[in-house]
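Take a look at the structure below.
By convention in this document, chain letters (A, B, ...) are assigned in the order of the sequence lines, proteins followed by strands, and residues within each chain are numbered from 1.
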Amino acid sequence: MTVVTRFAPSPTGFLHIGGARTALFNWLYARHHGGRFRLRIEDTDRARSTDEAVEAIISGLGWLGLDWDGDVVSQFSRAAHHTGAAERLLADGKAYRCYCTPEELAEMREHAKKSGRSMLYDGRWRDRDPAEAPSGVDPVIRFKAPRQGETVIHDHVQGEVRVATDQLDDMVLLRADGTATYMLAVVVDDHDMGITHVIRGDDHLTNAFRQTQLYHALGWEPPAFAHIPLIHGPDGAKLSKRHGALAVEAYREMGYLPEALCNYLLRLGWSHGDDEIIGTEQAIRWFDLDGVGRAPARFDLARLSNLNGHYLRRADDERLTRLILPRLAEMLDGKLAEDAPNRIEKGMPGLKERAKTVTELTENAMFYARKRPQPLTENAARVLDGEARRRLGRLRRSLAAIGGWNTEAVEAATRGLAEEEQIALGKIAQPLRAALSGATVSPGIFDVMVVLGKEETLGRLDDVVESP
RNA sequence: GUCCCCAUCGUCUAGUGGCCCAGGACAUCGGCCUCUCACGCCGAAAACGGGGGUUCGAGUCCCCCUGGGGACGCCA
(Lines give C-alpha, C1' and ligand atoms only; values in the text may rest on other atoms or scores of the structure.)
Protein backbone atom coordinates (compact mmCIF):
# COMPACT_ATOMS: atom_id res chain seq x y z
CA MET A 1 0.00 0.00 0.00
CA THR A 2 1.35 3.40 -0.96
CA VAL A 3 1.33 5.91 1.84
CA VAL A 4 -0.70 9.05 1.16
CA THR A 5 -0.67 11.87 3.70
CA ARG A 6 -2.08 15.33 3.50
CA PHE A 7 -1.88 18.75 5.06
CA ALA A 8 -5.31 20.33 5.27
CA PRO A 9 -5.22 23.86 6.65
CA SER A 10 -8.16 26.21 6.68
CA PRO A 11 -7.38 29.46 4.90
CA THR A 12 -8.48 31.71 7.70
CA GLY A 13 -5.01 33.03 8.45
CA PHE A 14 -1.33 32.54 7.84
CA LEU A 15 0.62 29.33 8.21
CA HIS A 16 1.70 29.36 11.83
CA ILE A 17 4.28 27.35 13.66
CA GLY A 18 1.92 24.57 14.72
CA GLY A 19 0.55 24.09 11.23
CA ALA A 20 4.06 24.12 9.85
CA ARG A 21 5.05 21.26 12.10
CA THR A 22 1.98 19.27 11.14
CA ALA A 23 2.83 19.83 7.49
CA LEU A 24 6.45 18.85 8.12
CA PHE A 25 5.51 15.59 9.82
CA ASN A 26 3.11 14.66 7.05
CA TRP A 27 5.66 15.55 4.40
CA LEU A 28 8.41 13.62 6.14
CA TYR A 29 6.22 10.60 6.65
CA ALA A 30 5.24 10.49 3.00
CA ARG A 31 8.79 11.03 1.79
CA HIS A 32 10.18 8.43 4.17
CA HIS A 33 7.77 5.82 2.89
CA GLY A 34 8.08 6.83 -0.72
CA GLY A 35 4.45 7.90 -0.71
CA ARG A 36 2.54 11.00 -1.66
CA PHE A 37 1.95 14.21 0.24
CA ARG A 38 -1.16 16.14 -0.73
CA LEU A 39 -2.28 19.67 0.03
CA ARG A 40 -5.94 20.39 0.56
CA ILE A 41 -7.35 23.76 1.46
CA GLU A 42 -10.33 23.45 3.80
CA ASP A 43 -12.31 26.38 2.55
CA THR A 44 -15.87 25.21 3.13
CA ASP A 45 -16.45 28.14 5.44
CA ARG A 46 -16.75 30.76 2.72
CA ALA A 47 -17.21 33.63 5.10
CA ARG A 48 -13.86 33.11 6.75
CA SER A 49 -11.74 31.86 3.89
CA THR A 50 -9.61 34.29 1.94
CA ASP A 51 -7.37 34.05 -1.09
CA GLU A 52 -4.66 35.93 0.77
CA ALA A 53 -4.58 33.19 3.38
CA VAL A 54 -4.27 30.53 0.70
CA GLU A 55 -1.36 32.46 -0.76
CA ALA A 56 0.25 32.82 2.65
CA ILE A 57 0.00 29.10 3.32
CA ILE A 58 1.44 28.21 -0.03
CA SER A 59 4.33 30.62 0.25
CA GLY A 60 5.00 29.49 3.81
CA LEU A 61 5.24 25.87 2.71
CA GLY A 62 7.40 26.93 -0.20
CA TRP A 63 9.82 28.75 2.05
CA LEU A 64 10.12 25.71 4.28
CA GLY A 65 10.76 23.55 1.25
CA LEU A 66 7.73 21.32 1.78
CA ASP A 67 6.51 20.42 -1.69
CA TRP A 68 3.31 18.55 -2.30
CA ASP A 69 2.22 16.07 -4.93
CA GLY A 70 -0.51 16.77 -7.43
CA ASP A 71 -2.82 19.74 -7.48
CA VAL A 72 -3.92 21.75 -4.52
CA VAL A 73 -7.40 20.53 -3.71
CA SER A 74 -10.03 23.04 -2.77
CA GLN A 75 -12.47 21.43 -0.43
CA PHE A 76 -15.19 23.81 -1.48
CA SER A 77 -14.92 22.62 -5.06
CA ARG A 78 -15.84 19.15 -3.92
CA ALA A 79 -19.18 20.23 -2.48
CA ALA A 80 -21.19 17.91 -4.72
CA HIS A 81 -19.40 14.88 -3.33
CA HIS A 82 -20.12 15.99 0.20
CA THR A 83 -23.81 16.50 -0.34
CA GLY A 84 -23.95 13.24 -2.25
CA ALA A 85 -22.60 11.38 0.74
CA ALA A 86 -25.08 13.11 3.03
CA GLU A 87 -27.97 12.19 0.78
CA ARG A 88 -26.86 8.64 0.71
CA LEU A 89 -26.86 8.53 4.50
CA LEU A 90 -30.28 10.13 4.53
CA ALA A 91 -31.57 7.52 2.11
CA ASP A 92 -30.06 4.76 4.24
CA GLY A 93 -31.74 6.09 7.36
CA LYS A 94 -28.36 6.97 8.85
CA ALA A 95 -29.08 10.67 8.90
CA TYR A 96 -32.10 12.87 9.52
CA ARG A 97 -33.36 16.41 9.29
CA CYS A 98 -33.25 18.58 12.39
CA TYR A 99 -35.33 21.74 12.65
CA CYS A 100 -33.81 23.18 15.81
CA THR A 101 -33.03 26.88 15.76
CA PRO A 102 -29.66 28.16 16.94
CA GLU A 103 -31.37 29.72 19.93
CA GLU A 104 -32.95 26.45 20.85
CA LEU A 105 -29.58 24.71 20.69
CA ALA A 106 -27.86 27.35 22.78
CA GLU A 107 -30.53 26.98 25.40
CA MET A 108 -30.14 23.23 25.32
CA ARG A 109 -26.40 23.46 25.94
CA GLU A 110 -26.82 25.99 28.70
CA HIS A 111 -29.30 23.78 30.45
CA ALA A 112 -27.12 20.70 30.04
CA LYS A 113 -24.12 22.43 31.52
CA LYS A 114 -26.08 23.68 34.47
CA SER A 115 -27.42 20.26 35.30
CA GLY A 116 -24.00 18.67 35.05
CA ARG A 117 -24.59 16.87 31.81
CA SER A 118 -22.35 16.94 28.79
CA MET A 119 -23.27 19.65 26.34
CA LEU A 120 -24.43 17.39 23.56
CA TYR A 121 -27.34 17.68 21.18
CA ASP A 122 -30.12 15.60 22.69
CA GLY A 123 -31.37 14.11 19.43
CA ARG A 124 -34.84 15.58 19.71
CA TRP A 125 -35.46 15.32 15.95
CA ARG A 126 -33.84 11.94 15.62
CA ASP A 127 -37.04 9.94 15.62
CA ARG A 128 -39.58 12.70 15.31
CA ASP A 129 -42.16 12.55 12.58
CA PRO A 130 -41.07 14.81 9.71
CA ALA A 131 -44.70 15.88 9.47
CA GLU A 132 -44.12 17.90 12.63
CA ALA A 133 -41.55 20.03 10.86
CA PRO A 134 -42.22 23.70 11.36
CA SER A 135 -42.71 25.67 8.20
CA GLY A 136 -40.25 28.32 7.19
CA VAL A 137 -37.29 26.66 8.92
CA ASP A 138 -34.51 25.21 6.78
CA PRO A 139 -33.38 22.02 8.45
CA VAL A 140 -29.83 20.78 8.89
CA ILE A 141 -28.94 17.18 8.21
CA ARG A 142 -27.67 15.35 11.26
CA PHE A 143 -25.87 12.07 11.50
CA LYS A 144 -27.79 9.32 13.25
CA ALA A 145 -24.90 8.24 15.44
CA PRO A 146 -24.83 4.79 17.01
CA ARG A 147 -26.09 4.78 20.58
CA GLN A 148 -24.63 1.56 21.85
CA GLY A 149 -21.18 0.50 22.98
CA GLU A 150 -18.03 2.44 22.44
CA THR A 151 -15.98 3.83 19.60
CA VAL A 152 -12.33 2.89 19.47
CA ILE A 153 -9.48 4.32 17.49
CA HIS A 154 -6.01 2.87 17.21
CA ASP A 155 -3.89 5.97 17.14
CA HIS A 156 -0.29 5.62 16.02
CA VAL A 157 0.84 8.13 18.59
CA GLN A 158 -1.70 7.97 21.39
CA GLY A 159 -2.29 4.24 21.26
CA GLU A 160 -5.74 2.76 21.69
CA VAL A 161 -8.24 5.39 22.73
CA ARG A 162 -11.86 4.57 23.42
CA VAL A 163 -14.91 6.55 24.33
CA ALA A 164 -18.47 5.57 25.19
CA THR A 165 -20.59 6.41 22.19
CA ASP A 166 -23.17 8.19 24.30
CA GLN A 167 -20.53 10.89 24.62
CA LEU A 168 -20.83 11.52 20.93
CA ASP A 169 -23.93 13.29 19.69
CA ASP A 170 -25.63 13.52 16.32
CA MET A 171 -23.32 15.91 14.53
CA VAL A 172 -24.46 18.22 11.78
CA LEU A 173 -23.48 16.97 8.34
CA LEU A 174 -25.14 19.56 6.13
CA ARG A 175 -25.86 23.10 7.22
CA ALA A 176 -29.23 24.72 6.67
CA ASP A 177 -27.86 26.25 3.49
CA GLY A 178 -27.02 22.80 2.19
CA THR A 179 -23.23 23.02 2.48
CA ALA A 180 -21.19 20.37 4.21
CA THR A 181 -19.62 20.81 7.63
CA TYR A 182 -15.97 20.09 8.24
CA MET A 183 -16.73 16.73 9.81
CA LEU A 184 -18.43 15.37 6.70
CA ALA A 185 -16.10 17.06 4.25
CA VAL A 186 -12.87 15.68 5.74
CA VAL A 187 -14.17 12.16 5.75
CA VAL A 188 -15.41 12.29 2.17
CA ASP A 189 -12.29 14.04 0.89
CA ASP A 190 -9.81 11.91 2.77
CA HIS A 191 -11.54 8.84 1.45
CA ASP A 192 -11.77 10.07 -2.13
CA MET A 193 -8.18 11.24 -2.13
CA GLY A 194 -7.05 7.86 -0.85
CA ILE A 195 -5.44 9.29 2.27
CA THR A 196 -3.92 6.42 4.21
CA HIS A 197 -2.50 8.32 7.20
CA VAL A 198 -4.06 11.28 8.90
CA ILE A 199 -1.36 13.04 10.92
CA ARG A 200 -2.64 16.12 12.68
CA GLY A 201 -2.81 18.03 15.95
CA ASP A 202 -4.04 16.50 19.16
CA ASP A 203 -6.96 18.90 19.15
CA HIS A 204 -8.53 16.65 16.53
CA LEU A 205 -8.41 13.52 18.65
CA THR A 206 -12.06 13.68 19.67
CA ASN A 207 -13.02 14.42 16.08
CA ALA A 208 -11.45 11.15 15.10
CA PHE A 209 -14.17 9.29 17.01
CA ARG A 210 -16.94 11.01 15.11
CA GLN A 211 -15.13 10.56 11.85
CA THR A 212 -14.64 6.90 12.53
CA GLN A 213 -18.39 6.51 12.98
CA LEU A 214 -18.94 8.29 9.70
CA TYR A 215 -16.49 6.07 7.86
CA HIS A 216 -18.35 3.03 9.11
CA ALA A 217 -21.73 4.46 8.20
CA LEU A 218 -20.50 5.16 4.69
CA GLY A 219 -19.04 1.69 4.45
CA TRP A 220 -15.48 2.89 4.21
CA GLU A 221 -12.29 1.84 5.94
CA PRO A 222 -10.97 4.62 8.21
CA PRO A 223 -7.40 5.77 7.61
CA ALA A 224 -4.65 5.34 10.18
CA PHE A 225 -4.69 8.19 12.67
CA ALA A 226 -1.73 9.85 14.35
CA HIS A 227 -2.51 12.73 16.68
CA ILE A 228 0.56 14.68 17.57
CA PRO A 229 0.69 16.79 20.73
CA LEU A 230 0.22 20.52 20.45
CA ILE A 231 2.92 23.12 20.76
CA HIS A 232 2.60 25.42 23.75
CA GLY A 233 4.00 28.86 24.38
CA PRO A 234 7.04 29.39 26.62
CA ASP A 235 4.69 29.80 29.58
CA GLY A 236 3.00 26.45 29.02
CA ALA A 237 -0.25 27.95 27.85
CA LYS A 238 -1.71 27.38 24.45
CA LEU A 239 0.42 28.96 21.77
CA SER A 240 -0.98 32.37 20.97
CA LYS A 241 0.05 35.28 18.86
CA ARG A 242 1.77 36.81 21.83
CA HIS A 243 4.40 34.14 22.01
CA GLY A 244 5.21 32.19 18.94
CA ALA A 245 2.12 31.45 16.90
CA LEU A 246 3.44 33.78 14.29
CA ALA A 247 3.39 33.18 10.60
CA VAL A 248 6.36 31.05 9.64
CA GLU A 249 7.45 33.89 7.46
CA ALA A 250 7.66 36.13 10.47
CA TYR A 251 10.54 33.88 11.45
CA ARG A 252 12.11 34.55 8.12
CA GLU A 253 11.83 38.26 8.91
CA MET A 254 13.44 37.68 12.28
CA GLY A 255 16.38 36.14 10.51
CA TYR A 256 15.84 32.43 10.85
CA LEU A 257 16.78 29.99 8.13
CA PRO A 258 14.14 27.54 6.91
CA GLU A 259 16.41 24.54 7.48
CA ALA A 260 16.92 25.65 11.09
CA LEU A 261 13.21 26.06 11.65
CA CYS A 262 12.53 22.62 10.18
CA ASN A 263 15.17 21.01 12.36
CA TYR A 264 13.77 22.78 15.40
CA LEU A 265 10.18 21.85 14.63
CA LEU A 266 11.21 18.28 13.96
CA ARG A 267 12.78 17.92 17.39
CA LEU A 268 9.75 19.46 19.02
CA GLY A 269 7.79 16.31 19.71
CA TRP A 270 9.92 13.86 17.80
CA SER A 271 13.25 12.33 18.65
CA HIS A 272 15.80 9.90 17.35
CA GLY A 273 17.92 8.98 20.35
CA ASP A 274 20.25 11.80 21.29
CA ASP A 275 20.47 13.29 17.82
CA GLU A 276 19.90 17.03 17.68
CA ILE A 277 21.26 18.34 14.40
CA ILE A 278 19.23 16.62 11.74
CA GLY A 279 19.24 17.83 8.17
CA THR A 280 16.37 17.23 5.80
CA GLU A 281 17.89 14.21 4.06
CA GLN A 282 18.64 12.57 7.37
CA ALA A 283 15.18 13.45 8.65
CA ILE A 284 13.55 11.71 5.70
CA ARG A 285 15.64 8.63 6.34
CA TRP A 286 14.85 8.55 10.05
CA PHE A 287 11.34 9.91 10.43
CA ASP A 288 8.64 7.59 11.58
CA LEU A 289 5.62 7.79 13.84
CA ASP A 290 7.14 5.74 16.65
CA GLY A 291 9.55 8.57 17.37
CA VAL A 292 6.73 11.00 18.07
CA GLY A 293 6.32 11.84 21.75
CA ARG A 294 2.99 12.12 23.53
CA ALA A 295 3.53 15.14 25.71
CA PRO A 296 3.00 18.70 24.50
CA ALA A 297 6.15 20.77 24.03
CA ARG A 298 6.93 24.39 24.69
CA PHE A 299 8.21 26.69 22.06
CA ASP A 300 11.69 27.93 22.97
CA LEU A 301 13.31 30.67 20.92
CA ALA A 302 16.74 30.21 22.50
CA ARG A 303 16.95 26.71 21.15
CA LEU A 304 15.81 27.77 17.71
CA SER A 305 18.46 30.50 17.75
CA ASN A 306 21.17 28.05 18.65
CA LEU A 307 20.18 25.76 15.82
CA ASN A 308 19.96 28.73 13.50
CA GLY A 309 23.50 29.71 14.43
CA HIS A 310 24.61 26.25 13.50
CA TYR A 311 23.02 26.34 10.06
CA LEU A 312 24.15 29.90 9.53
CA ARG A 313 27.78 28.95 10.05
CA ARG A 314 27.42 26.22 7.48
CA ALA A 315 25.45 28.24 4.97
CA ASP A 316 26.94 29.26 1.69
CA ASP A 317 28.63 32.69 1.73
CA GLU A 318 27.03 33.81 -1.47
CA ARG A 319 23.57 32.85 -0.27
CA LEU A 320 24.02 34.77 2.97
CA THR A 321 25.33 37.77 1.11
CA ARG A 322 22.24 37.74 -1.06
CA LEU A 323 20.12 37.52 2.08
CA ILE A 324 21.61 40.50 3.87
CA LEU A 325 22.34 42.92 1.05
CA PRO A 326 18.75 44.13 0.73
CA ARG A 327 18.53 44.48 4.49
CA LEU A 328 21.70 46.55 4.55
CA ALA A 329 20.48 48.73 1.73
CA GLU A 330 17.33 49.40 3.68
CA MET A 331 19.12 50.17 6.92
CA LEU A 332 21.61 52.45 5.25
CA ASP A 333 19.00 54.17 3.15
CA GLY A 334 20.54 52.82 0.00
CA LYS A 335 23.89 54.46 0.72
CA LEU A 336 26.12 51.41 0.38
CA ALA A 337 29.81 51.62 -0.30
CA GLU A 338 30.53 50.65 -3.86
CA ASP A 339 32.60 47.71 -2.77
CA ALA A 340 30.06 46.50 -0.21
CA PRO A 341 28.80 43.34 -1.94
CA ASN A 342 32.31 42.19 -2.60
CA ARG A 343 33.54 42.93 0.90
CA ILE A 344 30.59 41.22 2.50
CA GLU A 345 30.97 38.02 0.62
CA LYS A 346 34.69 38.02 1.31
CA GLY A 347 34.14 38.78 4.97
CA MET A 348 31.26 36.34 5.35
CA PRO A 349 33.29 33.50 6.90
CA GLY A 350 34.25 35.77 9.78
CA LEU A 351 30.81 37.32 9.98
CA LYS A 352 28.65 34.21 10.05
CA GLU A 353 30.73 32.72 12.82
CA ARG A 354 29.48 35.50 15.05
CA ALA A 355 25.77 35.60 14.35
CA LYS A 356 22.77 33.54 15.35
CA THR A 357 20.29 35.14 13.00
CA VAL A 358 20.34 36.84 9.64
CA THR A 359 19.28 39.99 11.45
CA GLU A 360 22.34 39.85 13.66
CA LEU A 361 24.46 39.03 10.66
CA THR A 362 23.20 42.14 8.94
CA GLU A 363 24.02 44.35 11.90
CA ASN A 364 27.49 42.89 12.17
CA ALA A 365 28.13 43.38 8.48
CA MET A 366 27.12 47.00 8.52
CA PHE A 367 30.65 48.35 8.89
CA TYR A 368 31.70 46.64 5.70
CA ALA A 369 28.84 48.21 3.79
CA ARG A 370 29.04 51.72 5.15
CA LYS A 371 30.86 54.51 3.37
CA ARG A 372 33.59 56.45 5.13
CA PRO A 373 33.80 57.95 7.62
CA GLN A 374 32.73 55.15 9.93
CA PRO A 375 30.61 56.40 12.83
CA LEU A 376 31.94 55.31 16.21
CA THR A 377 30.01 53.62 18.97
CA GLU A 378 30.42 55.09 22.42
CA ASN A 379 32.83 52.35 23.43
CA ALA A 380 34.84 52.68 20.25
CA ALA A 381 35.19 56.42 20.80
CA ARG A 382 36.49 55.74 24.28
CA VAL A 383 39.13 53.36 22.96
CA LEU A 384 40.33 55.97 20.50
CA ASP A 385 41.96 58.39 22.92
CA GLY A 386 44.82 60.65 21.93
CA GLU A 387 47.51 58.11 22.57
CA ALA A 388 45.70 55.46 20.58
CA ARG A 389 45.19 57.79 17.65
CA ARG A 390 48.86 58.73 17.57
CA ARG A 391 49.80 55.07 17.73
CA LEU A 392 47.49 54.34 14.84
CA GLY A 393 49.34 57.04 12.94
CA ARG A 394 52.56 55.12 13.37
CA LEU A 395 50.84 51.88 12.42
CA ARG A 396 49.49 53.53 9.33
CA ARG A 397 53.01 54.28 8.18
CA SER A 398 54.17 50.68 8.43
CA LEU A 399 50.99 49.44 6.81
CA ALA A 400 51.41 51.84 3.96
CA ALA A 401 54.78 50.33 3.28
CA ILE A 402 53.40 46.82 2.80
CA GLY A 403 53.65 45.46 -0.69
CA GLY A 404 51.56 42.29 -0.71
CA TRP A 405 48.40 43.08 1.25
CA ASN A 406 47.50 39.80 2.93
CA THR A 407 46.72 38.49 6.41
CA GLU A 408 50.30 37.49 7.18
CA ALA A 409 51.71 40.84 6.12
CA VAL A 410 49.26 43.05 8.00
CA GLU A 411 49.53 40.87 11.07
CA ALA A 412 53.31 41.04 10.96
CA ALA A 413 53.23 44.80 10.65
CA THR A 414 50.81 45.16 13.54
CA ARG A 415 52.62 42.74 15.81
CA GLY A 416 55.89 44.37 14.84
CA LEU A 417 54.69 47.74 16.06
CA ALA A 418 53.42 46.27 19.32
CA GLU A 419 56.77 44.67 19.90
CA GLU A 420 58.65 47.81 19.01
CA GLU A 421 56.59 49.85 21.42
CA GLN A 422 56.65 47.11 24.06
CA ILE A 423 52.90 46.93 24.39
CA ALA A 424 50.42 44.11 24.36
CA LEU A 425 48.92 43.39 20.99
CA GLY A 426 45.52 44.33 22.35
CA LYS A 427 46.73 47.88 22.93
CA ILE A 428 46.99 48.37 19.23
CA ALA A 429 44.43 45.84 17.98
CA GLN A 430 41.52 47.39 19.85
CA PRO A 431 42.08 50.96 18.60
CA LEU A 432 42.60 49.51 15.17
CA ARG A 433 39.31 47.65 15.47
CA ALA A 434 37.56 50.78 16.62
CA ALA A 435 38.93 52.75 13.69
CA LEU A 436 38.12 50.17 11.04
CA SER A 437 34.78 48.86 12.29
CA GLY A 438 33.59 51.73 14.44
CA ALA A 439 32.97 49.26 17.24
CA THR A 440 34.83 47.29 19.88
CA VAL A 441 33.57 43.98 18.55
CA SER A 442 34.27 42.64 15.09
CA PRO A 443 35.68 39.68 13.20
CA GLY A 444 39.41 39.08 13.50
CA ILE A 445 41.01 42.43 12.80
CA PHE A 446 43.62 41.16 10.37
CA ASP A 447 40.92 39.53 8.32
CA VAL A 448 38.98 42.78 8.40
CA MET A 449 41.98 44.64 7.00
CA VAL A 450 42.32 42.21 4.16
CA VAL A 451 38.62 42.33 3.35
CA LEU A 452 38.61 46.13 3.35
CA GLY A 453 41.71 46.27 1.22
CA LYS A 454 44.70 48.50 1.59
CA GLU A 455 43.21 51.70 0.32
CA GLU A 456 40.07 51.56 2.47
CA THR A 457 42.04 50.48 5.53
CA LEU A 458 44.45 53.37 5.26
CA GLY A 459 41.57 55.71 4.52
CA ARG A 460 39.68 54.67 7.61
CA LEU A 461 42.85 55.12 9.64
CA ASP A 462 43.27 58.58 8.21
CA ASP A 463 39.79 59.39 9.47
CA VAL A 464 40.87 58.92 13.08
CA VAL A 465 44.61 59.42 13.14
CA GLU A 466 46.10 62.29 15.07
CA SER A 467 49.42 63.58 13.93
CA PRO A 468 52.15 63.19 16.58
C1' G B 1 -19.68 20.83 33.97
C1' U B 2 -18.89 16.14 30.72
C1' C B 3 -15.41 13.34 27.91
C1' C B 4 -10.41 12.55 26.13
C1' C B 5 -5.04 13.11 26.29
C1' C B 6 -0.50 14.11 28.84
C1' A B 7 3.34 14.21 33.18
C1' U B 8 12.04 12.81 33.46
C1' C B 9 16.81 18.86 34.76
C1' G B 10 14.35 26.08 33.59
C1' U B 11 13.40 24.17 28.15
C1' C B 12 13.58 20.07 24.21
C1' U B 13 14.36 15.15 25.18
C1' A B 14 17.01 9.67 25.86
C1' G B 15 15.15 5.88 28.74
C1' U B 16 10.11 0.22 26.67
C1' G B 17 11.66 -3.87 34.66
C1' G B 18 17.94 -4.77 36.50
C1' C B 19 23.17 -1.66 31.93
C1' C B 20 20.09 4.73 35.60
C1' C B 21 22.60 7.14 43.03
C1' A B 22 19.06 8.72 35.32
C1' G B 23 22.25 10.17 29.49
C1' G B 24 22.37 14.17 25.57
C1' A B 25 21.20 19.15 23.77
C1' C B 26 19.76 24.40 24.62
C1' A B 27 19.94 28.03 28.32
C1' U B 28 22.81 29.33 32.99
C1' C B 29 27.55 29.57 35.75
C1' G B 30 33.02 28.68 35.96
C1' G B 31 37.69 27.79 33.09
C1' C B 32 40.81 27.25 28.60
C1' C B 33 41.80 29.39 23.74
C1' U B 34 42.53 34.71 22.39
C1' C B 35 43.50 41.15 18.96
C1' U B 36 37.55 42.00 20.76
C1' C B 37 33.25 39.13 20.24
C1' A B 38 31.85 34.63 18.73
C1' C B 39 33.18 29.53 17.50
C1' G B 40 35.55 25.45 19.72
C1' C B 41 37.15 22.67 24.02
C1' C B 42 36.95 21.34 29.42
C1' G B 43 34.01 21.51 33.86
C1' A B 44 29.74 22.74 37.34
C1' A B 45 24.84 23.23 38.94
C1' A B 46 20.11 21.17 37.45
C1' A B 47 14.87 16.32 36.83
C1' C B 48 11.98 10.85 37.33
C1' G B 49 4.92 15.75 40.64
C1' G B 50 2.65 12.98 45.25
C1' G B 51 0.62 8.47 47.34
C1' G B 52 -0.52 3.49 47.02
C1' G B 53 0.21 -1.24 44.77
C1' U B 54 2.62 -5.46 41.35
C1' U B 55 7.73 -7.46 41.49
C1' C B 56 13.56 -10.26 44.23
C1' G B 57 13.93 -5.37 41.72
C1' A B 58 10.08 0.46 39.00
C1' G B 59 11.73 6.51 35.81
C1' U B 60 9.93 2.15 33.22
C1' C B 61 3.63 -1.90 34.70
C1' C B 62 -1.44 -0.92 37.48
C1' C B 63 -4.67 2.38 40.56
C1' C B 64 -5.74 7.03 42.97
C1' C B 65 -4.57 12.19 43.70
C1' U B 66 -2.50 16.56 41.90
C1' G B 67 -1.07 19.49 37.92
C1' G B 68 -1.18 20.77 32.65
C1' G B 69 -3.62 20.49 27.88
C1' G B 70 -7.55 19.48 24.39
C1' A B 71 -12.64 18.64 22.77
C1' C B 72 -17.75 19.53 23.61
C1' G B 73 -20.36 24.97 16.93
C1' C B 74 -25.13 25.07 11.19
C1' C B 75 -15.53 26.86 12.72
C1' A B 76 -11.92 24.00 10.79
Side-chain angles (χ1 to χ4, degrees), chain A residues 8-12 42-45 47-49 75 98 100-102 105-106 109 112-121 138-142 155 157-159 161-164 166-169 171-177 179-183 185-186 201-207 209 227 229-230 232 234 236-238 264 267-277 293-307 309-310 313 350-356 364 379 383 411 414-415 418 424-430 432-434 437 439-446:
Chain A
S10 63
T12 51
E42 310 236 313
D43 50 0
T44 51
D45 184 354
R48 302 204 303 170
S49 301
Q75 186 158 66
C98 165
C100 288
T101 60
L105 292 170
R109 277 189 277 270
K113 188 168 185 174
K114 239 185 271 173
S115 58
R117 308 282 320 172
S118 53
M119 302 188 291
L120 301 173
Y121 171 67
D138 288 327
V140 298
I141 306 297
R142 281 184 186 272
D155 194 277
V157 171
Q158 307 292 345
V161 189
R162 51 182 68 228
V163 70
D166 61 11
Q167 290 299 324
L168 272 18
D169 62 0
M171 65 189 131
V172 172
L173 264 21
L174 250 38
R175 304 184 181 100
D177 65 3
T179 60
T181 59
Y182 161 78
M183 213 60 84
V186 238
D202 219 354
D203 49 342
H204 283 286
L205 186 58
T206 46
N207 290 337
F209 292 116
H227 289 92
L230 267 17
H232 290 170
K238 189 178 181 178
Y264 176 69
R267 282 290 288 105
L268 213 52
W270 178 85
S271 63
H272 184 270
D274 283 337
D275 296 299
E276 301 286 352
I277 305 286
R294 294 194 290 177
R298 299 187 189 204
F299 189 82
D300 179 22
L301 261 187
R303 206 176 155 73
L304 171 59
S305 292
N306 173 269
L307 236 22
H310 171 88
R313 289 193 289 279
L351 251 18
K352 66 186 181 186
E353 189 84 12
R354 292 167 170 76
K356 289 214 182 327
N364 296 347
N379 286 339
V383 168
E411 177 160 3
T414 311
R415 285 191 189 276
L425 180 59
K427 286 286 185 202
I428 183 70
Q430 275 306 88
L432 181 56
R433 166 168 291 112
S437 74
T440 52
V441 174
S442 84
I445 200 61
F446 307 123

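Between B/C6 and B/A46, the distance separating the two C1' atoms is 23 Å to the nearest Å. Rounded to the nearest Å, the gap between the P atom of B/U8 and that of B/G15 is 14 Å. B/C12 and B/G30 have their C1' atoms separated by 24 Å, given to the nearest Å. Taking the C1' atoms as reference points, B/C20 lies 11 Å from B/A58, given to the whole Å. Distance noted for atom C1' between B/U16 and B/A27: 30 Å (whole Å).
Among residues two or more places apart in sequence or in another chain, the ring-ring contact (aromatic ring centres under 6.0 Å, His included) test is passed with A/Phe446 by none.
The side chain of A/Ala302 lies closest to B/C26, out of B/C26, B/C74, B/C3.
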Name the pairs: protein N/O against N/O of nucleotides 38-43 of chain B, kept only if under 3.5 Å.
residue : atom : partner  : partner atom : Å
B/A38   : O2'  : A/Glu353 : O            : 2.8
B/C39   : O2'  : A/Glu353 : OE2          : 2.9

Shorter than 3.5 Å, N or O on both sides, protein versus nucleotides 61-66 of chain B: list them out with atom names.
none

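Here A/Thr12 lies out of heavy-atom contact (under 4.0 Å) with every strand.
Contact check, A/Arg294 against B/C6: a side-chain N or O comes under 4.0 Å of OP1 or OP2. Dashed line: the shortest gap from a side-chain N or O of A/Arg142 to OP1 or OP2 of B/C74 is under 4.0 Å. Put simply, A/Thr44 has a side-chain N or O that comes within less than 4.0 Å of OP1 or OP2 on B/A76. The phosphate of B/C35 (OP1 or OP2) has a side-chain N or O of A/Arg415 nearer than 4.0 angstrom. Phosphate proximity of B/C74 to A/Thr181: absent, as no side-chain N or O sits under 4.0 Å from OP1 or OP2.
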